[in-house]
Structures are given as C-alpha cells and as structure tokens.
Engineer: 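For reference, the structure I am asking about is given below.
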Amino acid sequence: MPSLETIAFVLIVLNLLSFVLFGVDKLLSKSVKARRVPEKTLLIASALAASPGALLAMVLFNHKTSKPRFRYGMPLLLTAHAAIGYWMSYS
C-alpha cells in the first residue's frame, strides 16, 4: 500500500494538472484560431481525483461555469471524491 505522503503528492499533482488544463483552455478560448482543450479531456482530468483543482479553476477563471455538464458535474465529482476519501480513511 502506498504511503500517505505518496498519495497526497499524486493528488496534488493531479489537481495542479487539472487546474492548468482549465487555465490553458481559458487562454485558448480568447484566441480565434487556437485549438482548444477538448471538454472530454477536462472531464477525464477532473474525474481522476482532481475535482478540487478543476472546480477552483472554474471559479477563478470563470470558465465553463455556464455549461451544465461542468456547473453540476464538478460539484458532484467533488462530493463523490470526498465520500470516497472519507470511506477509505475509515476502512
């Protein structure tokens, strides 16, 4: 079983990656000719235990907040990740 420090490090890296992906997509959204980060990529990155980073990026960058898939999906993912973390800590 991985150590608590290893798990924390992996979660931090995943959340930073998700945060950066949302930030990059927001920057690219302002450019007409730039290729954007696919929504599927943003959702998959967020689903990999990185919903806090994604949600923080959505709020700070005001990005994808009007899309129902993100507006309601990210809080649901965060709730699911918190529930899984709670369950794992007491198992």
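Just so you know, residue 1 is the first one in the sequence shown, and it goes up from there.
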Engineer: Residues in salt bridge (Lys or Arg N to Asp or Glu O under 4.0 Å) with Arg71, at least two apart?
Structural biologist: none

Engineer: Mind checking whether Val20 and Leu77 sit in one hydrophobic cluster, side chains of I, L, V, M, F, W, Y counted as touching below 4.5 Å?
Structural biologist: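 Val20 and Leu77: one cluster.
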
Engineer: Assigning hydrophobic clusters by single linkage (Ile, Leu, Val, Met, Phe, Trp, Tyr; side-chain heavy-atom cutoff under 4.5 Å), is Leu43 placed with Leu56?
Structural biologist: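 No, Leu43 does not connect to Leu56 through the hydrophobic network.
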
Engineer: Donor-acceptor check, side chain of Ser31 to backbone of Leu28, threshold 3.5 angstrom: yes or no?
Structural biologist: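 No: the side chain of Ser31 does not pair with the backbone of Leu28.
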
Engineer: Report yes if the side chains of Pro52 and Phe19 come closer than 4.5 Å at any heavy-atom pair, otherwise no.
Structural biologist: no

Engineer: Report yes if the side chains of Met74 and Arg69 come closer than 4.5 Å at any heavy-atom pair, otherwise no.
Structural biologist: no

Engineer: Below 4.5 Å, heavy atoms only, C-beta onward: do Glu39 and Phe70 meet side chain to side chain?
Structural biologist: yes

Engineer: Ser18 side chain to Asn15 main-chain N or O, any donor-acceptor pair under 3.5 Å?
Structural biologist: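 Side chain of Ser18 to backbone of Asn15: no pair is present.
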
Engineer: Are the side chain of His81 and the backbone of Ala47 linked by a donor-acceptor contact shorter than 3.5 Å?
Structural biologist: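 Checked: pair present.
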
Engineer: Can any side-chain N or O of Thr6 pair as donor or acceptor with the backbone N or O of Pro2 at less than 3.5 Å?
Structural biologist: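 Absent.
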
Engineer: Can you tell me how far the CG atom of Leu27 sits from the CZ atom of Phe22, to the nearest 0.5 Å?
Structural biologist: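 Here the interatomic distance stands at 14.0 Å.
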
Engineer: Using only heavy-atom distances, determine whether the side chains of Asn62 and Thr65 contain a donor-acceptor pair under 3.5 Å.
Structural biologist: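 Present: a donor and an acceptor within the cut-off.
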
Engineer: Any side-chain to backbone donor/acceptor pair from Asp25 onto Leu21? Under 3.5 Å, distance only.
Structural biologist: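 Here the side-chain-to-backbone pair does not exist.
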
